[in-house]
Amino acid sequence: MFLNRRNKSKICLGVLACIAAVGMSGCGTGAQVGGAVDRNLDMEGYSREESSQPRESDSPQESVAAPEEPAGGESTGDLNEFGLDPETMDIVKYNVYVELNNTIVEIMDNISNYFLVVDTAEEFRFRDDAEYNYGYRIKGFNLDAVEDAELVYGMEPSYETLDELVEAMLPSMREIMETFDAIDDSEYTYEENQYQQPKENHTRLMACLDEFTTYAYEYMDRIDVIADERSAAQEAKMLEEGRLIIYHFSHMLTLSSQILDEIYDQGIDDYNLTELDLTPIYPLFEEMQATAAAYDEAVSDNNQLMMESLSNRQVYAGNWNGLVQAFEWMIKQVESGVPYEDPSHEYLGGLQHIYVVLSDRVEDYNGIFVD
C-alpha cells in the first residue's frame, strides 16, 4: 500500500543555461534536499496550447540511447519555440521531469502525514489511535512543476513511455495538490460545523488518490532508472576524458544517492534509524572515503587543475569533510542503538543533517562545473 512505501528525490547535475538565464541548482536525493529544483526554463507567458507541438505520429521513435532515453538526441542546429537546440531542450525537459519527481515526493509526504490522523475509509473519520490534529504537517504547493511538465511532455526530444505517463498523471496530480492547498490554507473552525470542510476535502482527496499514486510510483521508478543511467554515462565520459576532479566530485554525490536509496529501500527514516541494516552501507561508505581521498589528491595536482581549467580555491577539498563526517556520524548513531528523543529535529548523525550537507555539495557542483 502507498502508505508503506518510501520515496526518493533525485540529484540533477550538469545543466546548461537556458531561457532568461535562469540557473539550475541541485535537487535532492533520499528526501527532498534544499527544496525543489530551481526551474531551468522560464515558462512565464506561455500556455500549453501556445507552446507544445502535436506529434506527427504516435508510433515509437527509434532511440539512440538506453530505454527511456530521449530519441533523436543529436543536435541539428534547429531551434524550438523557446529558442533552444535539441541538446539543450533535452536537458531542460529532463530537469523538469526531475522537478516533477521531487514534487511527487513532497505529495507522498503529505499523504503519509494525512493518514496519520485520518482513516483511509471513503467516509471521513479520524483514526482511533491518531496522535495528531487534523492537517498535521500538511503543506500547500504551487503548481510550477505541473505547469512546466504540461508544457514540455509533448515536445521533442521524445521520452516515449515517460511522456505518456506524465500526460496521464498530471490531472490527478493537479487535483491532489489543490486539495492539499485547501487543507493547508484553511482557517476553518471545524468543530463548529461538524467538520464539514474536512469531509469535503477528504471526499476530493479519495476521488483522485488511487489514480495518482498508481501513476506516481510508476513514474518514480522510471525516472530513477533514467537518472542512474545518465549519471553512469556522464561519469564514464569524465573518466575517459581524464577529468578526475569533476569525476570524483560527481561520484561522491552518486555514492551519497546510493546510500540514501538503500536506506529508503529498507523503509528507514530518523524515526526508526537504529533499525537500519548497515551491511550494504559499509562498502558504499568505504568507497566514499576512498573517493574523497582521490578527490583531495586530484585537486592538489596543479597539472590536473590546469587541464580542467579550475583553481584550487574553487574545488577546495575540505568541503567534503562535512559530508563524509555526516554519513560517519549516521553510521555510529545506528551502531549505538540509541534512538533520537525527537526525530523531527535535525541531529548530527541523522538523515535530516545529511540532506542539508548534501544539498550544499550539490549547489557547489552546479556552481563550479555548471554555472
Atom CE in Met173, atom CZ in Phe141: separation rounded to 0.5 Å?
->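 Met173 CE to Phe141 CZ: 8.0 Å, rounded to 0.5 Å.
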Within one Ile-Leu-Val-Met-Phe-Trp-Tyr cluster: [X] and [Y], side-chain cutoff 4.5 Å:
X: Leu253; Y: Leu239; value: yes
X: Met252; Y: Trp329; value: no
X: Leu278; Y: Val324; value: yes
X: Val117; Y: Ile107; value: yes
X: Tyr132; Y: Phe180; value: yes

Check against side chain to side chain donor-acceptor pair (under 3.5 Å), Asp90 and Tyr159 | CA-CA 9 Å; Asp90 172 28; Tyr159 278 57; 2.7 Å; yes
For this output row, return yes or no: ring centroids of Tyr195 and Phe126 closer than 6.0 angstrom.
->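 Yes; Phe126 has its ring centre under 6.0 Å from that of Tyr195.
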Pair Phe369 + Tyr365: ring centers closer than 6.0 Å |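 Ring centres of Tyr365 and Phe369 closer than 6.0 Å.
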Report the relative orientation of the aromatic rings in Phe124 and Tyr134; use parallel for angles under 30°, tilted for 30 to 60°, perpendicular for over 60°.
->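 Phe124 and Tyr134: perpendicular rings.
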Which atom names give the shortest non-hydrogen contact between [X] and [Y], and what distance separates them?
X: Leu323; Y: Ser256; result: CD2-OG, 3.5 Å
X: Tyr219; Y: Tyr97; result: OH-O, 2.6 Å
X: Met307; Y: Glu241; result: CE-O, 3.9 Å
X: Val334; Y: Leu276; result: CG1-O, 3.6 Å

Give the intermediate values and the outcome of side chain to side chain donor-acceptor pair (under 3.5 Å) for residues Tyr114 and Asn201.
-> CA-CA 11 Å; Tyr114 180 80; Asn201 293 336; over 6 Å; no
Given Ser231 and Glu229, is the side chain to side chain contact (heavy atoms under 4.5 Å, CB included) satisfied, shown in steps?
-> CA-CA 5 Å; Ser231 177; Glu229 289 175 347; over 6 Å; no
Go through the steps for Arg204 and Glu200 under the test salt bridge (charged side-chain N to carboxylate O under 4.0 Å, His left out), then give the verdict.
-> CA-CA 6 Å; Arg204 188 179 178 187; Glu200 294 172 0; over 6 Å; no
Side-chain (Lys139) to main-chain (Glu106) donor-acceptor, under 3.5 angstrom =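 Flag not set: sc Lys139 to bb Glu106 has no pair under 3.5 Å.
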How far apart are the C-alpha atoms of His248 and Glu297, what are their side-chain angles, what is the distance that settles it, and do they pass the side chain to side chain donor-acceptor pair (under 3.5 Å) test?
-> CA-CA 10 Å; His248 291 306; Glu297 181 179 354; over 6 Å; no
So Gln234 and Ser250, side chain to side chain donor-acceptor pair (under 3.5 Å) or not? Walk me through it.
-> CA-CA 9 Å; Gln234 288 172 352; Ser250 176; 5.5 Å; no
